[in-house]
Amino acid sequence: FLSVIVPVYNKQLSLSRCLDSLLDCPVASEIIMVDDHSSDDSRRIAQAYTDQHQNYKLICLTKNCGAGEARNVGATHARGQYLVFFDADDWCDNSVFSSLYDELAQHSFPDIAITGYNKYCHNDYKSKYTFHAHYLGLHTGLQSVELRLAKVICPSPWNKVYKTSYWQKHRLAWPEMRHSEDFASILEFLAEAESVLLTNQSYYCYNVNDGSLTRSLKADKID
């Protein structure tokens, strides 16, 4: 059902937690790790998971290309009905995937689902992000664009589930940028969709790290 794409670049301290959280997923899944030419022990850690688990796959890039291109490479190898993108800093509450699957089926498997998420700060739980009940349910792609512009929908790559056939049909791809690729691409991803489901199923655990690239960006760079 799911193809989980995990770009990896120098994440030896957090990678095992991310990959462990995806073990024993209640819906059939494949975990595609794309090592973006790491210089630390990340590649060895990822390789160990592929050696132990048939549904874990490792793709190694020959040069550092950035998270966007690593996601693109992973997506070209996906065989699941849906794509999800994970950051190696974060982890998954995979028990939620069964209820998410049921909700997708109930809504005739939309092109995209946008979910709630759990927010952590330095591994300590802080809050759960959810949508107001008014926004829950199906929307068109253009309605979803309006919700993004109104900041109801965040631009992050990781709390969204994309139907693989939709992704491939429209040749969607992350731009080759070193930061803010989510801001640059989310409107395009949404606009082409016939149906977008907003749901409070919260499988993703987002860990705020003050040293991350995203946290260090200034507003002028994002603009």
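- Under the 6.0 Å cut-off for aromatic ring centres, Tyr101 and Phe109 qualify, their centroids lying closer than that.
- Of the residues Asn159, Thr115, Asp90, the one that meets the side-chain hydrogen bond (donor to acceptor under 3.5 Å, both in side chains) test with Tyr204 is Asp90.
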Task: Asp87 vs Arg71, salt bridge (charged side-chain N to carboxylate O under 4.0 Å, His left out): CA-CA, chis, key distance, verdict - done: CA-CA 10 Å; Asp87 286 349; Arg71 293 189 192 108; 3.5 Å; yes
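- Aromatic ring centres of Tyr82 and Phe1: separated by under 6.0 Å.
- For the side-chain hydrogen bond (donor to acceptor under 3.5 Å, both in side chains) test, no residue two or more places apart in sequence or in another chain qualifies with Asn118.
- No donor-acceptor pair under 3.5 Å is formed between the side chain of Ser144 and the backbone N or O of Val196.
- Under the 3.5 Å distance criterion, the side-chain polar atoms of Asp35 are left unmatched by any main-chain donor or acceptor of Ala46.
- Using cut-offs of 30° and 60° on the angle between ring planes, the pair Tyr56 and His53 is tilted.
- Shown here is Gln52, whose CD atom has more than 12 heavy atoms of other residues, nucleotides or ligands within 6.0 Å.
- Taking the six-membered ring for Trp, Phe85 and Trp158 have ring centres at least 6.0 Å apart.
- Scanning for salt bridge (charged side-chain N to carboxylate O under 4.0 Å, His left out) contacts around Arg79 gives Glu30, with sequence neighbours left out.
- Residues satisfying the side-chain hydrogen bond (donor to acceptor under 3.5 Å, both in side chains) test with Asp93, not counting sequence neighbours, are Ser95.
- A donor atom on one side chain and an acceptor atom on the other are found under 3.5 Å apart for Asn123 and Asn207.
- Using bins of under 30°, 30° to 60° and over 60° for the plane-to-plane angle, the ring pair Tyr129/Tyr117 lands in the parallel bin.
- With respect to Asp51 and Arg44, no salt bridge is recorded, no charged nitrogen being found less than 4.0 Å from a carboxylate O.
- Contact check for Pro157 versus Trp174: side-chain heavy atoms found under the 4.5 Å cut-off.
- Proximity of a side-chain donor or acceptor of Thr140 to a complementary backbone N or O of Ser195 within less than 3.5 Å is not detected.
- The side-chain heavy atoms of Arg148 and Ile186, taken from C-beta on, include a pair separated by under 4.5 Å.
- Thr164 places a side-chain N or O within 3.5 Å of a backbone atom of Gln81 that can act as its donor or acceptor partner.
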TODO: Decide yes or no on side-chain hydrogen bond (donor to acceptor under 3.5 Å, both in side chains) for Thr50 and Gln47, but give the supporting numbers first.
DONE: CA-CA 5 Å; Thr50 67; Gln47 184 62 55; 2.7 Å; yes
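- A donor-acceptor pair under 3.5 Å links the side-chain atoms of Asn200 to the main chain of Phe131, judged by distance alone.
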